[in-house]
Structures are given as C-alpha cells and as structure tokens.
2 protein chains.
Amino acid sequence: MTQRPTRPRPRPGSRHPARARLTDGHLANVYSAACPSRQALDRIADKWTVLIIGALERGPLRFGQLRDAIDGISEKMLTQTLRSLERDGLVARQDHGTTPPQVDYRLTALGTTLAAPVAAVRAWAERYIVEVEDARTAHDLGQG
Amino acid sequence: MTQRPTRPRPRPGSRHPARARLTDGHLANVYSAACPSRQALDRIADKWTVLIIGALERGPLRFGQLRDAIDGISEKMLTQTLRSLERDGLVARQDHGTTPPQVDYRLTALGTTLAAPVAAVRAWAERYIVEVEDARTAHDLGQG
DNA sequence: CAGAATCCTGTGAGATACTG
DNA sequence: CAGTATCTCACAGGATTCTG
C-alpha cells in the first residue's frame, strides 16, 4: 500500500551514488527519503488513504459503508489501509462486540487535522479537473 | 506510478457487484472511480507527483537538479512522472536545444494552483510526523 | 547532460473462499 | 457483517547500458 519497510535500500553501488553535494543552499527543499516527514508524506500521498480520510470526514462509518462509499476499493485494500491508518493514529476503530459484528471507524483528533489538507487537494481536483482534461487531450492531439 | 490505463476493469462478476443502492443521500461523498475528479485525485495522490510539484514550487529546475533534489527517485520514474505532469498541463518542459542538452521544467499556471494544496499536505507531514510516529510506536508496543 | 531502451523483480491489488 | 487467508498476476519501478 505504502508501507514498504523492507525497502531494498538504494544500493551504494548505484550509478548516481548519493551525488553528495548540493554545495549551496540552492536546493533547500531537498529532504532525503530517510527524513521523517518524507516518510509521512509517502504514507499520506496514497490514493486509498486520501479517499478513506475524505469519506470519514463527516463522521464515523462502518466497514461496509466505507466499502460502498469508496468505489473501486477491494475489501482487502480497505482493511489494509484502515489498519495502517489505525496504526498511525489517524483513525480509531471501534468494535461493538455484537453478533453479527459491528465495527465502525472514525477520525481521531490527529486524523481530523489531516482532513483539511486532504480536502484542499480534493477541492483542487474537483475545481481543476476540466483544465487537466483539456490539457491532456490537447497534448494527445499534438502528438497524434 | 499512477497511470494504469489498462486496469483490468473491476470484473462485473465481482463478489460485491456495485452494491447498487445507497438509497438516501446518507453517503453523499461517494464518487465513483469513473468520476473525473476521482481520476484527477488518483493522479495527484502520488508520491513522486507531490515531491516534484513541491520541488518546482520555487522556480524552474533542470532534470539533474530535480533528480538530486528528490532523494530516492530513479531517472526512469522522474522522466515518467514529468511526462505525465506535462501531459496534464501541470508542468512545462523547455528544451534549450543546446549540446550538451539542457532542459528545464517549471510549473505552469495550472501547476501553480496545485502547489498550494500540495504544500499544505507537506506542511501537515512536517508538523504532525512526531505524533504519527508516537502513535505508531505506541500501537506497536501494544501489539508486541 | 537528458534521456531512451531493456531487463528483471517485488509487491500492490483483485478474485475467491472460509469463519465467528 | 466484518473480516482473514490464499492464490495469482500485472505492473510499478529499480538497475544497467547506450546515445546525440
């Protein structure tokens, strides 16, 4: 999904071996893959994560409701992503212990803080999708 | 990366066949995978996309500068993602036609509108990474 | 330098079946 | 209902080499 804990570690014998310098502060916005906030980004910048956070924005939902709300997600990915979000303290899982089982998911306080940025991205997508599509068809026409 | 044009199309014979209803407006934030803004999201919610947009935020960069600025990206993924961004009208490529070749990339006007939301997400990551890590270790300790 | 072309592998992710 | 367990495979994506 996104957690790739056993990332093969960029082999030292690579062709672009770190490329060390960056002598001046010219490229200040460099942050290494090891940088914690980069890892957080890697986690957040994920399709299903964004969609789940978005779906939970308005309140708790049950497993099945999430599955239905997020078109195209498989139960497997839903479960996996929810587990990750739970682990990262963004989503809380509440099992009511009833039978048939009833479990719901809600954003934690931390998760709520993420909802705003995510909503901004979604808003962008909704606002500018037309421009993107236009650019795309224009580009494709140009290329044949 | 994100473009998976030949996605095997969620087979109609699937076990959760659309699940049709959603009778009431209860889950208003459902948008199907076919919905355009969903597709835009699928494109945007990508690790490399976010990082490239972020890197170009402050001004044009050349290919090598981007490669160096974005730790962990391979030349292949950089090229691919740049091509996609170009196609979507978010990034403009300028080839100076010199030898040795010199090409630089900059955000288009459209791309610039995306920089803000993306920056918000990055800001979130930087601000809350600690909480996420804490939650994670707490959770992992709880589970053994 | 900025890529294109190739080869190869890990894993993201769907399909299916089983269970309390 | 809310999962878990498997099997499977396409493809994302890294490594490497080549070129104008």
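Chain letters run A, B, ... following the sequence lines, proteins first and then strands; every chain starts at 1.
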Atom [atom1] of [X] and atom [atom2] of [N]: how far apart are they, to the nearest Å?
{"X": "A:Y105", "N": "D:dG3", "atom1": "OH", "atom2": "P", "value": "3 Å"}
{"X": "B:Q65", "N": "C:dA2", "atom1": "CD", "atom2": "P", "value": "8 Å"}
{"X": "B:K47", "N": "C:dG12", "atom1": "NZ", "atom2": "P", "value": "11 Å"}
{"X": "B:E75", "N": "D:dG13", "atom1": "CD", "atom2": "P", "value": "16 Å"}
{"X": "A:I52", "N": "C:dA13", "atom1": "CD1", "atom2": "P", "value": "12 Å"}
{"X": "A:Q80", "N": "D:dA2", "atom1": "CD", "atom2": "P", "value": "18 Å"}
{"X": "A:D68", "N": "D:dC1", "atom1": "CG", "atom2": "C1'", "value": "12 Å"}
{"X": "B:W48", "N": "D:dG13", "atom1": "CH2", "atom2": "C1'", "value": "9 Å"}

If you check the [X] side chain, which of [options] turns out closest?
{"X": "B:T79", "options": "C:dC1, C:dG3, D:dC1", "value": "C:dG3"}
{"X": "B:K76", "options": "C:dT6, C:dA13, D:dT4", "value": "C:dT6"}
{"X": "B:M77", "options": "C:dG20, D:dG14, C:dG3", "value": "D:dG14"}
{"X": "B:P100", "options": "D:dG13, C:dC1, D:dG3", "value": "C:dC1"}
{"X": "B:V103", "options": "D:dG3, C:dA2, C:dA4", "value": "C:dA2"}

(request) With the side chain counted from C-beta on, respond yes when A:I70 and A:W48 share a heavy-atom pair under 4.5 Å apart, and no when they do not. (result) yes
Taking only N and O in the side chain of [X], is any of them less than 4.0 Å away from OP1 or OP2 of [N]?
{"X": "B:R67", "N": "C:dG3", "value": "no"}
{"X": "A:R93", "N": "D:dA2", "value": "no"}
{"X": "A:R62", "N": "D:dA2", "value": "yes"}
{"X": "B:R83", "N": "C:dA4", "value": "yes"}

Basic-acidic side-chain contact under 4.0 Å: [X], [Y]:
{"X": "B:D104", "Y": "B:R62", "value": "no"}
{"X": "B:E86", "Y": "B:R83", "value": "yes"}
{"X": "B:D42", "Y": "B:R38", "value": "yes"}

(request) Have a look at B:T99 and say if it touches a base, only the backbone sugar-phosphate, or nothing, with a 4.0 Å heavy-atom cut-off. (result)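 Touches nothing.
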(message) Nearest 0.5 angstrom please: B:F63 CZ to B:T79 OG1, how far?
(response)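 Here the rounded value is 3.5 Å.
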